[in-house]
Amino acid sequence: EIRLSLVGSEMCIRDRHLPHPSHASVLAVAGGRGRVGPQPFWHRYDPFVRSDRTPEIGDSDQRMKSKLVVFDLAGTTVRDTNTVGGALQAALAEIGVVASVAEVNAVMGIPKPVAIAQILAAHGTAGDVNTIHARFQSLMIEIYRTDPGIDEIEGATDVMQILKATGLKIAVDTGFDRAITDVVIGRMPWRDLIDDSIASDEVAHGRPAPDMLFALAERQGVAPSEIVKVGDTPSDIQEGRAAGAGLVVGVLYGTHTRE
């Protein structure tokens with residue numbers, strides 16, 4: 001039994017027949033409060049999600065306004081053990097810039113050329129952003145093509161299957177460029193479940209601007225307010241809010257804490 005219902009300002013997602021029923025659910029929600037625990041929310045699928053941004057989401061007279069769920073990649077649907085941050089640190093180190101984990105995490109989710117430029121500016125260092133990004137890109141592609149540890153975050157496929165079964169469309173957006181994005185998606189067991197994908201180099205402005213969500217909405221024939229945006233970085237949350245997404249969900253097992 002899969003139930004998706006709206007009660008007041010809460011969206012309840014439940015599945016009583018799941019492969020991992022013992023795991024606790026987890027999520028944080030931008031613009032509201034969610035139950036928080038130590039495990040990814042994929043495992044029980046019973047989060048109670050609050051959104052105080054869009055009144056119609058809480059309209060008890062309708063079953064569900066959302067039509068498209070847009071997931072981030074690394075840290076949201078793709079397991080990331082500092083893969084992205086480590087590659088960015090390595091590319092910067094080659095020109096003598098030693099970036100801390102905190103510095104790198106602060107720019108996760110945004111287009112990587114922009115992230116590189118911000119870190120260079122913070123260090124007062126001149127550097128060719130395009131050259132550094134090309135090195136980052138080559139490191140990332142090699143890792144995502146060959147590392148046997150690259151996989152989905154456990155349960156991502158199950159969640160996508162549940163959402164698809166309710167008639168929702170699924171898409172992914174990312175701060176990666178298309179070359180990296182295609183390699184990442186190609187390694188994922190959920191690759192055939194998504195209806196669309198978009199990369200940061202395919203729009204005028206990447207996150208936190210809403211361009212990728214607007215483009216996906218147009219291509220999929222939905223309104224931005226009919227999108228659910230899910231991600232693990234502040235830029236994911238900012239992107240969803242800027243687009244006017246009906247629901248914006250932050251997950252806690254990527255690069256950032258609830259705070």
Side-chain angles (χ1 to χ4, degrees), residues 28 30-31 70-78 80-93 95 97-125 127-141 143-144 171-185 197-217 224 227 229-245 248-259:
V70 180
F71 292 96
D72 172 49
L73 290 177
T76 301
T77 54
V78 179
D80 179 26
T81 55
N82 199 39
T83 302
V84 182
L88 189 53
Q89 286 175 303
L92 288 162
I95 65 160
V97 174
V98 179
S100 68
V101 171
E103 285 180 292
V104 169
N105 281 348
V107 295
M108 286 295 101
I110 67 176
K112 296 307 174 283
V114 177
I116 291 166
Q118 289 183 6
I119 292 175
L120 291 177
H123 284 255
T125 302
D128 186 338
V129 170
N130 291 332
T131 299
I132 299 167
H133 180 258
R135 179 57 178 151
F136 165 78
Q137 183 186 63
S138 67
L139 289 170
M140 287 298 299
I141 289 175
I143 291 168
Y144 277 120
V172 294
D173 75 347
T174 177
F176 294 144
D177 58 32
R178 175 52 66 180
I180 298 173
T181 299
D182 284 344
V183 175
V184 175
I185 292 174
S197 68
I198 193 165
S200 63
D201 61 339
E202 296 173 327
V203 292
H205 305 96
R207 298 178 191 143
D211 296 27
M212 289 193 291
L213 293 184
F214 286 159
L216 287 171
I227 290 176
K229 172 66 178 110
V230 185
D232 69 304
T233 68
S235 64
D236 285 295
I237 304 307
Q238 292 162 356
E239 174 194 30
R241 285 176 163 174
V248 180
V249 180
V251 296
L252 301 181
Y253 42 85
T255 59
H256 288 74
T257 65
R258 180 171 183 167
E259 289 71 29

Which atom pair, heavy atoms only, marks the closest approach of Gly240 to Leu213? CA-CD1, 3.8 Å
Which label fits Phe176 and Tyr144: parallel for a plane angle under 30°, tilted from 30 to 60°, or perpendicular past 60°? perpendicular
So, taking the atom named OG1 in Thr174 and the one named CE in Met212, what distance separates them when rounded to the nearest 0.5 Å? 7.0 Å
From the list Asp72, Leu216, Ile237, side-chain contact (heavy atoms from CB on, under 4.5 Å) with Lys229 holds only for Asp72
By the definition side-chain contact (heavy atoms from CB on, under 4.5 Å), identify the one residue from Asp177, Asn130, Val129 that meets it with Pro113. Val129
Taken to the nearest 0.5 Å, the spacing of His123 NE2 from Leu92 CG works out to 7.5 Å
Scanning both residues in full, the closest heavy-atom pair of Val172 with Val70 reads C-CG1, 4.3 Å
Separation of Gln137 CD from Asp201 CG (nearest 0.5 Å): 8.5 Å
Taking the side chain as everything from C-beta on, heavy atoms only, tell me whether Gln238 gets closer than 4.5 Å to Thr233. no
Could you walk me through whether Phe136 and Ile180 pass side chain to side chain contact (heavy atoms under 4.5 Å, CB included), step by step? CA-CA 10 Å; Phe136 165 78; Ile180 298 173; 4.0 Å; yes
Answer yes or no: is there a side-chain heavy-atom contact under 4.5 Å between Val84 and Lys112? yes
Among Asp232, Asp236, Thr77, the one residue meeting side-chain contact (heavy atoms from CB on, under 4.5 Å) with Val251: Asp232
Which atom names give the shortest non-hydrogen contact between Gly175 and Ser200, and what distance separates them? O-OG, 3.0 Å
With the side chain counted from C-beta on, respond yes when Val97 and Ile132 share a heavy-atom pair under 4.5 Å apart, and no when they do not. no
What is the distance from atom CG of Asp173 to atom OG1 of Thr181, rounded to the nearest 0.5 Å? 9.5 Å
Tell me the closest heavy-atom pair linking Ala242 and Pro208, and the distance in Å. CB-O, 4.0 Å
Does any part of the side chain of Leu88, heavy atoms only, come nearer than 4.5 Å to the side chain of Met108, both counted from C-beta? yes
Which heavy-atom pair separates Ala215 from Ile198 by the least distance, and what is that distance? CB-CD1, 3.5 Å
Set out, in order, the CA-CA distance, both residues' side-chain angles and the distance that settles side chain to side chain contact (heavy atoms under 4.5 Å, CB included) for Asp182 and Arg178, then state yes or no. CA-CA 6 Å; Asp182 284 344; Arg178 175 52 66 180; 2.9 Å; yes
Short question: side chain of Arg207, backbone of Gly109 - any donor-acceptor pair under 3.5 Å? yes
Is there a side-chain contact between Gln89 and Asn82, using heavy atoms and a 4.5 Å cut-off? yes
Smallest separation among heavy atoms of Val104 and Ala99, with atom names: CG2-CB, 4.0 Å
Using 0.5 Å steps for rounding, measure from the NE2 atom of His205 to the CD atom of Glu239. 13.5 Å
